[in-house]
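Any value given below was found using the heavy atoms of this structure, including those in side chains, with hydrogens, waters and symmetry copies removed. In this chain, residues are counted from 1 in sequence order.
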Amino acid sequence: RGLADAKAPRAYANSWDDVALGKQMAETMIDNGADTLFVYANQVGLGSIQAAKEKGATFIGFSGDQNSVAPGTVVASVAFDFEKFYTWTIDKFIKGELAGNTVHQAGIAEGIFNPVYTDQISDEIQAKVAAGMEKAANGEIDFAAMFKQP
């Protein structure tokens, strides 16, 4: 399949710790054609990794390096650099730049999200990710528009 055929269905577990629910949700997505999963939901994500492993799908870990959780299934991860995030947050707070009741975006440009690859991710794909991250860091990608619900 090509990129033009790519779809990104979403599901919400409304839980951070229900491993069985994560597995069930991932199984349903895989049974409906998903071949790669990306889940941010703590223990729910571990259930999703288990489903991906059992059903032969690939998985991109999030929040930390999950590559060793299921080698061969988890092909890469997005590590969340908490030290940079906390430093960024405290700096913004001290400067008076964190208004209440406001969403403050931080991530790629601030060096908070960083990819961790396995040898299953080619140099070509890694270069494309790096180019995309550079565009994101430069404000050339409108993530809000990209993820707007139809």
Mind checking the CG-CD1 spacing from Asn138 to Ile108? Nearest 0.5 Å is all I need.
11.0 Å
Check the side chains of Asn67 and Ser77 for a donor-acceptor pair under 3.5 angstrom, ignoring hydrogens and angles.
yes
Hydrophobic cluster identity match, Phe113 and Tyr117, side-chain contacts under 4.5 Å
yes
Between Val75 and Ile60, is any pair of side-chain heavy atoms under 4.5 Å apart?
yes
For Asn32, look at atom CG and say whether over 12 heavy atoms of other residues, nucleotides or ligands are found less than 6.0 Å away.
yes
Is there a donor-acceptor contact under 3.5 Å from the side chain of Asn114 to the main chain of Phe80?
no
In short, Ala136 meets Ile141 closest at the heavy-atom pair N-CD1, 3.8 Å
What pair of heavy atoms forms the shortest contact from Ser48 to Ala26, and how long is it?
CA-CB, 3.7 Å
Under 4.5 Å between side-chain heavy atoms, counting indirect links through other Ile/Leu/Val/Met/Phe/Trp/Tyr residues: same cluster for Phe85 and Leu98 or not?
no
In the hydrophobic cluster built from side-chain contacts under 4.5 Å, what are the other members alongside Val69?
Met29, Ile30, Leu37, Val39, Leu46, Ile49, Phe59, Val74
Looking at Gln120, I'd like to know if its CD atom is crowded, meaning that more than 12 non-hydrogen atoms belonging to other residues, nucleotides or ligands lie closer than 6.0 Å.
yes
Enter the distance from Lys92:NZ to Glu110:CD here, rounded to the nearest 0.5 Å.
7.5 Å
When the ring centroid of Tyr40 is compared with that of Trp16, is the distance short of 6.0 Å?
yes
Could you tell me which non-hydrogen atom of Leu21 sits nearest to which non-hydrogen atom of Ser15, and how far apart they are?
CD2-CB, 4.5 Å
Hydrophobic cluster identity match, Phe62 and Phe82, side-chain contacts under 4.5 Å:
yes
Backbone N/O of Phe93 and side chain of Glu97: donor-acceptor pair under 3.5 Å:
no
Between Lys23 and Ala51, what is the shortest heavy-atom contact and its length?
O-CB, 3.6 Å
Do the side chains of Pro115 and Met133 get nearer than 4.5 Å, heavy atoms only?
yes
For a quick test of reading the model, state the closest non-hydrogen atom pair linking Ile121 to Ala76 and the distance between them.
CG1-CB, 4.1 Å
Neighbour count >12 (heavy atoms, 6.0 Å) for atom CD, Glu83:
no
Above 12 or not: heavy atoms from other molecules or residues under 6.0 Å from CD of Gln105?
no
For Asp35, does its backbone N or O pair with a side-chain atom of Thr58 as donor and acceptor, under 3.5 Å?
yes
Please find the pair of heavy atoms, one from Ala79 and one from Val116, that lie closest to each other, and give the distance.
CB-CG2, 4.0 Å
Measuring from Ile112:CD1 to Lys84:NZ, what's the distance to the nearest 0.5 Å?
8.5 Å
